[in-house]
Amino acid sequence: MKSVRVGLMGLGTVGGGTATVLMRNAEDITRRVGRSIEIVRAAAREINEQTIFPAETTVKLSEDAWDVVNDPDVDVVVELIGGYSPARELVLKAIENGKHVVTANKALIAMHGEEIFAAANEKGVSVCYEAAVAGGIPIIKAMREGLAGNKIEWLAGIINGTGNFILTEMRDKGRDFDDVLKEAQALGYAEVDPTFDVEGIDAAHKLTILASIAFGIPLQFEKTFTEGISKVTTEDVTYAEELGYRIKHLGVARRTDKGIEMRVHPTLIPAKRLIANVDGVMNAVLVHGDAVGPTLYYGAGAGAEPTASAVVADIADVARTFESSVENKVAALGYQTGQEADINVLTSDDFETAYYLRLHVEDRPGVLAEVARIFAEQGISIEAVIQKEPQTEGSKVSLILLTQKVQEKRMNAALAKVEAANISESVTRIRVEHLG
Ligand code: HSE
């Protein structure tokens, strides 16, 4: 049977890993797919990565990615450049040229997925993106195909390896935020612009994709509430531990009576939950289906070969369905074109979560009563309180509160009153999810 000819765009961490895995496991992959997969062309900004390929390679190398999308010998274009542009233009051109596309680019899919999938449908080619979410975990396939019989109610995931690596090192070793971030960059985990990792944008891209697959809604990155980990302090990490919780950067998508919540933010999770014990660069996604109940998917969320594992699986999928028509393939986001649901996506005012709060208050009688009164006015129920010893005689103290679930607009109103009454200048707040 005719081999499938691959063109790689990008030979960095993931591109290099993909070439290595494809070559190393070529025999097994061919036995699984029923035809061989051959890299015929590769492009990188600077061609000094030739060592990836053996000296006698026949792979054509160039410094211009357009050579790959315009090469008539390429059947599948693998986009591993990242970013919105020129990735979007290159992918659209590859589709126009009748090529299948495999990408690890979550930013591209979250922002331009609708346009790209529509173009691919029109042309009858596949666009696969397993590596875009949670690195090596086959979460797209699991949700889109393995859970196709379920109504998915909610999902929650640790979907940024860099952020999880930073939070883990801060907790375990008391390491400095910037120092750990530098290590994540050196290990090839972090995005080109690491603010995408620490400010939650990367996780928001991934959550947008997961929510679309879960609920059959269009990709709506702009409606995903996004908060990063850059303001998480070691103080809060320690207090959370004292209360029996871990702080994780979590992406949550939930179907409620009022609409859909799509949010990424630091979150306290009970330490006894499996997902609270997912450490380092590992990712995990917990998906709750009405038939199956809770399911948990765990694995490396970043890095060369774990991400390559997902890219190569997509290439294998394309190779298997090479001659199938679009109607005979799994729809890109799991629902057939025209079957997307028009469900309201909630703004943060309507989110409902419990809260961890840290106030900085005077150590005098009545302070706690005043806070409790303001919270009671908003119907907020307090679950636990810890007051820390003053550092020096008469200095302010940290007052830590855990609340029960409350609508976010009520919490906003209560905290505005606490600040206006000069009880605490500012209040640190972190949402709490019990994931029960
Ligand atoms: N920067 C991403 C992460 C890479 O740290 O998870 C994988 O998408």
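As the structure lists them, so they are numbered: ligands from 1, and atoms in each ligand from 1. Keep in mind it's a predicted model, so treat the numbers as computed, not measured.
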Region of Asp197 engaging ligand 1 - heavy atom pairs below 4.0 Å: side chain

Protein contact of atom 8 (O) of ligand 1 - nearest heavy atom, named by residue and atom, plus distance: Lys106 NZ, 2.6 Å

Cationic tip of Arg263 above Phe351 ring, under 6.0 Å, 45° of axis: yes

Nearest protein heavy atom with distance in Å, relative to atom 2 (C) of ligand 1: Glu191 OE2, 3.1 Å

Carboxylate-amine/guanidinium contact Lys141 Asp317, below 4.0 Å: yes

Residue, atom name and distance, where the atom is the protein heavy atom closest to atom 7 (C) of ligand 1: Gly301 O, 3.3 Å

Protein contact of atom 5 (O) of ligand 1 - nearest heavy atom, named by residue and atom, plus distance: Thr162 OG1, 2.6 Å

SB check Glu433 Arg273 (cutoff 4.0 Å): no

Heavy atoms from other residues, nucleotides or ligands near CD1 of Ile343 exceed 12 (cutoff 6.0 Å): yes

Under 4.0 Å to a heavy atom of Ala302 - the qualifying atoms of ligand 1, by number: 4 (C), 7 (C)

Proximal atoms of ligand 1 relative to Lys206 (non-hydrogen, under 4.0 Å): 2 (C), 3 (C), 6 (O), 7 (C), 8 (O)

Ring geometry between Phe165 and Tyr189 (parallel below 30°, tilted from 30 to 60°, perpendicular above 60°): perpendicular

Heavy atoms of other groups near Gln404 CD, more than 12 under 6.0 Å: yes

Test of proximity, Gly163 against ligand 1: N or O pairs below 3.5 Å: no

NZ/NE/NH1/NH2 to OD/OE distance under 4.0 Å, Arg45 and Glu63: no

Identity and separation of the nearest protein heavy atom to atom 6 (O) of ligand 1: Gly161 N, 2.7 Å

Asn283, portion touching ligand 1 at heavy-atom distance under 4.0 Å: neither

